[in-house]
Structures are given as structure tokens and as C-alpha cells.
Amino acid sequence: MIPDQRSAFRASVLLACAIICSNVLCPAGAYLYNNRYAGDQVFRITPSDDEEVRVLKKILGHMKVDLWQPNSLTLISQNATVDVHVKRNDTPGLHARLKKKHIDYRVFITNLQKEIEKQTGYRSSRRRRSESQYDYEVYHSLEEIQSWMFDMNRTHSDLVDMFSIGKSYEGRPLYVLQLGKRDRHQKKAVWIDCGVHAREWIGPAFCQWFVKEAINSYQYDSVMRRLLNQLSFYIMPVLNVDGYHFSWTTDRFWRKTRSRNHKFHCRGVDANRNWKVKWCEEGASSHPCDDTYCGPFPESEPEVKAVAKFLRKHKKHVKAYISIHAYAQMLLYPYSYKYATIPNFSCVELAAHNAVTALYSAYGVRYRYGPASTTLYVSSGSSIDWAYRNGIPYTFAFELRDTGYFGFLLPESLISPTCTETMRAVKAIASGLLKKCETDRDRFPYI
């Protein structure tokens with residue numbers, strides 16, 4: 001339990017007040033984000049050769065655009081799709097330039113504001129924020145998620161323990177739920193974090209879903225009961241709490257943290273490029289205004305530093321690290337920063353194969369899996385590389401649904417199937433920890 005119960009009670013009261021106020025002031029679907037995305041479009045562009053890649057980088061480099069996939073101009077490559085959000089006033093010019101250069105493209109979101117309204121507008125604010133019946137099939141604000149965490153800790157104290165590992169740049173607590181049957185012996189553990197990039201709302205939805213399903217199925221699901229009896233799960237529904245709150249209230253497509261850079265008048269660092277492993281090299285930016293900004297130094301962000309400190313402290317027991325992202329339908333493992341095979345490749349590859357097979361069994365959705373550098377792209381300073389180098393033998397990053405039709409605006413109607421299939425994958429990874437996988441320990445000193 002949290003040491004200061006009175007502080008916890010005051011915090012829960014404040015959260016409840018925030019939720020009530022949000023219901024009064026911000027009814028769902030009523031001019032979300034002040035209609036700021038009306039007329040904006042999302043282009044899918046596919047350069048066919050190196051010359052078209054060069055031209056496209058030049059075109060987009062002279063515009064103020066929001067790259068969805070990949071998240072940096074440097075990562076654009078031939079025959080790989082580029083999803084880019086373009087402001088309303090800039091769309092005619094981009095259409096003209098792409099046609100003139102004969103670069104293949106299409107517009108898959110013609111009015112971004114309408115798609116945002118669709119994503120969260122199907123359900124009433126009353127149902128979304130009901131305290132008596134928490135709805136896991138809608139997206140929730142940070143205040144709602146943290147209030148839910150308090151409720152889980154209070155009503156399921158036999159399986160759930162809640163604690164804070166620090167505070168964010170803006171002073172918000174960084175809450176974690178520990179899930180599992182208590183044992184006087186230290187058990188193997190699995191770390192799962194969500195909400196690393198603020199605009200990837202399906203991540204926090206999954207972390208909540210995982211806790212709900214684990215608790216509800218404990219009595220009748222022998223696999224889940226075994227997992228909770230023999231393992232501990234550390235669940236962090238929102239790592240980037242400041243950024244997530246900002247994406248909910250102000251800028252739907254905010255990605256980074258909210259730390260301030262006074263020299264450049266920019267805010268935020270990419271929380272997945274701020275880790276102390278090949279920091280700020282290929283695939284990361286040293287410019288504070290870029291979405292892939294690596295920060296002024298490794299672990300500069302209090303959110304990243306807090307997680308790193310916790311994992312260092314518990315690295316003898318944490319055997320799997322899982323970070324939930326979107327979108328691409330991929331399951332990635334190290335290395336991210338280089339083209340090389342990890343020493344325990346066969347064990348990790350088997351775990352990934354079992355995970356995507358279990359995921360596919362739910363609805364027939366296919367995921368690609370493999371090393372992040374070859375399956376997605378090279379990026380330095382990533383959390384899975386850091387966790388692996390710090391002794392956690394199984395480290396994975398999920399890129400959840402979809403492959404671009406909805407992008408970051410995955411509808412609430414797809415929360416349930418996405419979380420159901422991902423739950424199967426995570427259970428498969430966790431189940432693998434209870435079995436022995438042979439690897440060459442001499443070649444893998446970090447285990």
C-alpha cells in the first residue's frame with residue numbers, strides 16, 4: 001500500500017473533482033481541440049527510388065508537417081510508405097508538388113478533425129467517466145486512469161499493490177501497479193509500460209485492459225492463475241503522464257514529454273530515445289524541436305530516469321520488459337541501434353514467434369516480428385536496448401494496430417479486439433519465463 005494513506009485519500013478526492021470538472025467543461029465531441037484540425041489531411045506517400053526519397057525529404061523539409069510513420073525525415077526510404085499529417089493551408093501545395101514530381105501518394109484521411117470526433121465521439125461523457133462501471137472500451141483521460149488505479153488498489157488488495165516511482169517534469173506522480181499473489185520470496189517479474197508516446201492512446205487502454213483481465217480471470221483461467229501466482233507484473237499505464245495529459249486536452253498528436261528548452265522555445269523529449277545506450281546516434285535527433293529529440297543528456301527526463309532507477313534496483317528479478325506502442329502491427333526486440341544478432345537470439349525469437357502466433361489465434365491479425373533495426377528502422381537510445389543491456393533477457397516493443405488506415409486514431413470500437421489479441425501475446429511471453437530456454441551464458445554476460 002502507499003505509505004501515506006491520507007495523502008492517497010486526498011489525491012483520490014482531487015482526481016474525482018478533476019473528473020467531475022472535465023465532464024462539465026469538456027463534453028465529448030463538442031468542438032474537440034477547438035476545431036483546430038478541420039481540413040487537415042493525412043497523406044500516404046511511397047517514394048520508389050533514391051531520387052524520389054531525396055526529393056520527398058526536400059519537399060517535406062521545407063514544410064511544417066507532422067510525420068506519423070516514420071517519425072523522422074532521416075528514416076524515409078524507398079518503397080516504404082510515409083504517413084504525414086499536413087495542415088489545411090499546406091495541402092494544396094503538397095498535392096501539386098507530389099504530382100509534379102510523379103511521386104506516388106494518396107490521401108487516407110481527408111478531414112482530420114472529423115476522424116478525431118469519430119474516435120471518441122461515439123460514447124457519451126457520462127459513460128466514459130462512470131465510477132460505478134468503468135468502461136474499458138473507451139479512451140480515458142489521465143485523471144480517470146489514475147482514479148481507476150486507486151480503485152484497483154482499494155478493491156483488489158489481494159492481487160494489486162500501487163506505488164509511485166517518482167514525479168514527472170510537471171510534478172505529476174508516476175504510478176505503477178504491481179500485480180500478482182504476494183509471496184515472501186522474490187518472484188520473477190515482468191515490466192509493462194504504456195503511454196510512452198503521448199498520442200498512442202491504445203497503449204494506456206491496453207495496460208488497463210491487462211489488469212482488468214488478469215484480475216477477472218484469476219479464478220477460472222488456470223494459465224493466468226499460474227502466472228499471477230509465480231510472477232509479479234509491474235504495470236505502468238502511462239509513462240509520459242505530462243504528454244498524455246497534453247494530448248488529451250490541447251494537442252491530440254503531441255508525442256514527446258513536456259520538459260522545456262528555454263533556448264529553442266521548444267518542449268519535450270522523445271521518451272524512447274532518452275535511454276543510456278548509444279544515446280543520440282542514428283535514428284535520433286539532437287535538435288530540441290524535432291519529434292525524435294534525444295534530450296540534452298541520457299535520462300534527462302524525470303519519467304525515464306524514474307523507470308531506469310526502478311529497473312536497475314530490481315534487475316535481478318525482472319526477466320521481461322515490454323513496452324507498448326502504436327502503430328504498425330509489429331513485435332520488436334533488440335537490437336534497435338545496430339544490425340546485429342543478440343546472444344540469446346534463439347530464445348527471444350521463439351518467444352516472439354509464440355507471442356504473434358497467440359495473437360493471430362484471436363482474430364487472424366498478422367504481426368511482423370524481428371529485431372527492431374531490420375524490422376522497423378535503426379534508432380538509438382531505445383528502452384528495449386537499454387533494458388537488454390542492463391540484464392533483462394527478454395525485451396520487447398509492441399507496435400499495436402493498425403497499419404495506417406486509422407493510424408493514431410484507432411476507433412474505440414477496436415479497443416476490445418486489439419487488447420484481447422495483445423493480451424494473448426503477452427501471456428505467451430510471460431508463460432515462456434516459467435520454462436527453461438537454453439542459451440550460451442558465456443556469450444550473454446548480462447543474464
Side-chain angles (χ1 to χ4, degrees), residues 36-116 118-119 197 199-200 251-256 270 272-273 282-287 289-293 325-330 332 336 339 366-368 370 372-380 399-410:
R36 66 182 289 177
Y37 301 105
D40 289 11
Q41 296 184 341
V42 179
F43 287 65
R44 169 157 286 188
I45 310 167
T46 309
S48 61
D49 54 38
D50 289 340
E51 175 59 20
E52 288 192 0
V53 168
R54 185 191 67 78
V55 171
L56 181 59
K57 287 180 178 179
K58 184 176 180 180
I59 291 172
L60 297 180
H62 285 87
M63 302 173 63
K64 190 174 182 180
V65 297
D66 172 24
L67 279 168
W68 284 16
Q69 289 283 8
N71 45 45
S72 171
L73 289 177
T74 60
L75 299 173
I76 295 175
S77 59
Q78 68 179 53
N79 297 319
T81 57
V82 178
D83 296 344
V84 58
H85 161 208
V86 182
K87 299 298 290 182
R88 174 182 55 204
N89 293 339
D90 294 328
T91 57
L94 184 56
H95 279 285
R97 292 184 184 94
L98 293 175
K99 288 179 179 177
K100 183 178 179 181
K101 297 297 182 179
H102 304 290
I103 299 176
D104 181 55
Y105 80 96
R106 66 182 178 89
V107 176
F108 71 87
I109 296 180
T110 57
N111 188 326
L112 196 53
Q113 182 69 30
K114 287 185 178 180
E115 294 303 316
I116 292 172
K118 284 181 186 179
Q119 186 191 34
H197 295 137
R199 60 191 178 185
E200 298 167 7
D251 183 347
R252 174 62 186 87
F253 302 105
W254 187 259
R255 169 185 167 87
K256 301 187 289 182
D270 184 341
N272 198 37
R273 285 171 170 79
E282 187 174 354
S285 173
S286 59
H287 195 286
C289 295
D290 289 345
D291 267 352
T292 56
Y293 176 47
H325 296 262
Y327 58 95
Q329 293 178 198
M330 294 179 180
L332 310 171
S336 295
Y339 300 110
R366 296 186 183 277
Y367 270 51
R368 294 171 57 198
S373 57
T374 55
T375 310
L376 188 58
Y377 44 66
V378 172
S379 63
S380 59
E399 293 284 350
L400 302 186
R401 294 197 196 186
D402 58 2
T403 55
Y405 185 82
F406 294 108
F408 298 118
L409 297 177
L410 194 72

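- Checking side-chain atoms of Arg252 against main-chain N and O of Arg199 turns up a donor-acceptor pair under 3.5 Å.
- A donor-acceptor pair under 3.5 Å links the side-chain atoms of Gln119 to the main chain of Leu410, judged by distance alone.
- No option in Thr81, Val82, Asp83, Val86 other than Val86 meets the side-chain contact (heavy atoms from CB on, under 4.5 Å) test with Phe43.
- Between the side chain of Gln78 and the main chain of Val53, no donor-acceptor pair closer than 3.5 Å is present.
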query = Does the pair Ile116 and Phe253 meet the rule for a side chain to side chain contact (heavy atoms under 4.5 Å, CB included), with working shown?
reply = CA-CA 10 Å; Ile116 292 172; Phe253 302 105; 3.8 Å; yes

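- The heavy-atom pair separating Asn71 from Arg255 by the smallest distance is ND2-NH2, 3.1 Å.
- Note: Lys114 NZ to Lys118 NZ = 8.0 Å, rounded to the nearest 0.5 Å.
- Partners of Tyr367 by ring-ring contact (aromatic ring centres under 6.0 Å, His included), not counting sequence neighbours: none found.
- Salt-bridge annotation for Asp290 and Arg273: absent, with no side-chain N of the basic residue lying under 4.0 Å from a carboxylate O of the acidic one.
- In this structure, Asp40 pairs ionically with Lys87, as a charged nitrogen and a carboxylate oxygen lie closer than 4.0 Å.
- Contact of the Leu73 side chain with the Leu67 side chain is registered, since non-hydrogen atoms from C-beta on lie closer than 4.5 Å.
- The main-chain N or O of Gly283 is never found under 3.5 Å from a side-chain atom of Ser380 such that the two would form a donor-acceptor pair.
- In this structure, Arg88 and Ala38 approach most closely via the heavy-atom pair NH1-O, 3.2 Å.
- Annotation for Ser373 and Ser336: closest pair CB-O, 3.6 Å, computed over non-hydrogen atoms.
- A donor-acceptor pair is defined here as one N or O able to donate and one able to accept, closer than 3.5 Å; no such pair exists between the side chain of Asp270 and the backbone of Tyr293.
- Classified by interplanar angle (parallel below 30°, tilted 30° to 60°, perpendicular above 60°), the ring pair Phe408/Tyr327 is perpendicular.
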Show me, pair by pair, the donor-acceptor contacts under 3.5 angstrom made by side chains of residues 93-102, not counting sequence neighbours?
residue, atom, partner, partner atom, Å
His95, ND1, Tyr105, OH, 2.8
His95, NE2, Gln41, OE1, 3.2
Arg97, NH1, Gly93, O, 3.3

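- Note on ring orientation: taking the six-membered ring where Trp is involved, the planes of Trp68 and Phe108 are perpendicular (angle over 60°, cut-offs 30° and 60°).
- Between Lys256 atom NZ and Thr292 atom OG1 the span is 8.5 Å, to the nearest 0.5 Å.
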message = Under the criterion side chain to side chain contact (heavy atoms under 4.5 Å, CB included), I'd like the reasoning laid out for Arg36 against Asp251: C-alpha separation, chi angles, the key distance, then a yes or no.
response = CA-CA 9 Å; Arg36 66 182 289 177; Asp251 183 347; 3.8 Å; yes

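- Across all non-hydrogen atoms, the minimal contact from Leu409 to Glu115 is CD1-CB, 3.7 Å.
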inquiry  = Checking Ile76 against Leu60 for the side chain to side chain contact (heavy atoms under 4.5 Å, CB included) test, could you report, in this order, the C-alpha distance in whole Å, the side-chain angles of both residues, the deciding distance, and whether it holds?
reply    = CA-CA 11 Å; Ile76 295 175; Leu60 297 180; 4.2 Å; yes

request  = Test Asn272 against His325 for side chain to side chain contact (heavy atoms under 4.5 Å, CB included), laying out the working first.
outcome  = CA-CA 10 Å; Asn272 198 37; His325 296 262; 4.3 Å; yes

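- The nearest pair of heavy atoms linking Thr46 to Ile103 is O-CG2, 4.3 Å.
- Put simply, the side chain of Arg54 does not reach to within 4.5 Å of the side chain of Asp50, judged on heavy atoms.
- Without hydrogens or angle criteria, Asp402 side chain to Gly407 main chain gives a donor-acceptor distance under 3.5 Å.
- Contact detail for Thr403 and Ala328: the closest heavy-atom pair is CG2-O, 3.8 Å.
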